[in-house]
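A short worksheet on the structure shown next.
All figures in this text were calculated on a predicted structure; none of them were measured in a lab. Naming convention: chains lettered A, B, ... in sequence-line order (proteins, then strands); numbering from 1 in each chain. The analysis underlying the following values was restricted to heavy atoms, covering all of them including side chains, and did not include hydrogens, waters or symmetry mates.
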Amino acid sequence: MAKATFQAPRGTRDMLPEDLVLTRHLERTARAVAVSSGFAEIRTPFFEETRLFTRSLGETSDVVSKEMFTVPSRAAEGKKGSRSSYTFRPEGTAGVARAYVNGGYAAKAPLQKWYYLGPMFRYERPQKGRERQFTQFGIEAFGATSPLLDAEVVDLAVRFFEALGFGSELEVRVSTMGDSSDRDRWREALRDYFCPQLEERCADCQSRFERNVFRLLDCKVPRCVDLSAEAPQLAAVLGEEAADHHEAFLAALRVIGREPVVDSSIVRGLDYYTRTVFEVHYPSLGARSALCGGGRYDGLVEEFGGAPTPGVGFAVGFTATELALKELGLPPQEHVADLEAERCPCVFVAAVSDAERGSVFALASRLRREGVHPVVLDYRGKSLKAQLKEASKSGAAYTVVLGANEVAAGTAVLRDMAAGEEVALPQAELAEHIASQVISSA
RNA sequence: GUGGGCAUAGCUCAGUUGGUUAGAGCACCAGAUUGUGAUUCUGGGGGUCGCGGGUUCGAGUCCCGUUGCCCACCCCA
């Protein structure tokens, strides 16, 4: 093995050209689906003031308490204060909501539908389907409380997966967290209920009690399940408006044929969620069946100093999605054929001997200017035989051969690599000839 | 943060109870009478066996440490 020199940081990876075919397909599918529902792209900084995340996600959330990539701000060095550090964004919603506030949209154009696509960072122990740097596609819709918008967001998420080839097994699981006051009352009720029985519960539940009481509800340890049986329900404290919203949301999903599975164990880990929470699952994937998650966050914009503005959105991580696609043998080859084709040259220009290298270089340049692409050639002094071999290996559709005779006559030999047939043509006619062949074979 | 597994050629891996110059396939490079590739044949380059200690006459093989990777838990995308 080569001497150990440098390697990509833990939990990161190089996205090599061959890997990018799938990733780029996900990106363009995401864009197409988002745009089709009237969402526009927004790009926010990769890092933000640390405060932005501690405020929105919650101090006790796992993300904030142990998974943030934080760096000190040089300007603030030696000074006290909460502006003294920056954090690489662990999720997209906080930054987008901040941009919404800073952009003054609440006053000038409150209804905004945005999508984003880019890297997120979490300082976690890497494992299958989880990395420290990962790509996320997300959408956020601000400015409307209508449950129709919640349903549209869910629909968009499902359409994204459908466009990638996921089938009818796609499942929409939904629940509600109530309004923030409902949520607060429910949290207190749960704490009162669980506190006396903590001793009897598993170690995980004991730590979850502090971080996120809601999590005790979906512990799988049999003993804990029994102890949770009589736990207070959100329904008992759910406000009328939030309850109506939830019912209307369910109805809206049914109207568009997205039959929801109501699952009260869906408790998103971030503090900002209110009312609607949902996940899209693909059950046959087993332990990693959750493909995306999202929900409503009506208090977030206000939390960042903006006028009270509702919002709803979701995010999907590409790491798990790519993994799922590979397991299911997706996407169909024809969906990525064009991206694969980009990696294969159309024409390889070969020199018979060193004397023609200059002519080959010039002809390659000419062909490119005439619209043929990709056009490649050898730079390593390879023999004609080796050039043909390389052309074949690279998947080139054609090889153009230039020898002393062709250079003298201003012609070239055009070899169809698949058919193994050759024709001699004037160099001036090559581009046109190739173009007509490519069109007729397509 | 907790637990488990694995580190031998660019890649995927062999390597027997520790024993002579560490192997295969694929990949790569070059040839097979001199202007032609996908098949075939021949040859070639490339490894201080992750790193550091220890046991031993002798360690890729056993022991300890260390680093990295993978998998699971926690949690999440």
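Here the side chain of A:Ser85 pairs no donor or acceptor atom with the backbone of A:Thr70 at under 3.5 angstrom.
Look at A:Arg208 and you won't find any side-chain N or O under 4.0 angstrom from OP1 or OP2 of B:C73. Of the side-chain N and O atoms in A:Lys393, one or more sit less than 4.0 angstrom from OP1 or OP2 of B:C28. Look at A:Lys382 and you'll find a side-chain N or O under 4.0 angstrom from OP1 or OP2 of B:C29. Side-chain N/O atoms of A:Lys66 include none lying less than 4.0 angstrom from OP1 or OP2 on B:G1.
Each of A:Glu406 and A:Ala290 was assigned the nucleotide of RNA chain B with the nearest heavy atom; the assignment lying further toward the 5' end belongs to A:Glu406. Of the two residues contacting RNA chain B, namely A:Glu67 and A:Ala8, the nearest-nucleotide position lying further toward the 5' end is that of A:Ala8.
In this pair, A:Phe134 lays its aromatic ring flat on the base of B:A77, centres within 5.5 Å and planes under 30 degrees apart.
In this structure, B:C26 and B:G10 make a Watson-Crick or G-U wobble pair, each of the two defining distances being under 3.5 angstrom.
Side chain A:Arg10 to base B:G68: no donor-acceptor pair is found below 3.5 Å. At a cut-off of 3.5 angstrom, counting only N and O atoms as typed in the model, there is a donor on one side and an acceptor on the other between the side-chain of A:Glu124 and the base of B:A77. Remark: the A:Gln387 side chain and the B:U36 base include no donor-acceptor N/O pair separated by less than 3.5 Å.
Remark: A:Ala34 pairs with A:Phe39, A:Tyr115, A:Phe137 by the side-chain contact (heavy atoms from CB on, under 4.5 Å) rule, at least two apart or across chains.
B:G52 and B:G23 have their C1' atoms separated by 27 Å, given to the nearest Å.
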Original post:
When you check every protein heavy atom under 4.0 Å of nucleotides 38-43 of chain B, what one-letter string (B, S, -) results, 5' to 3'?
Top reply: B-----
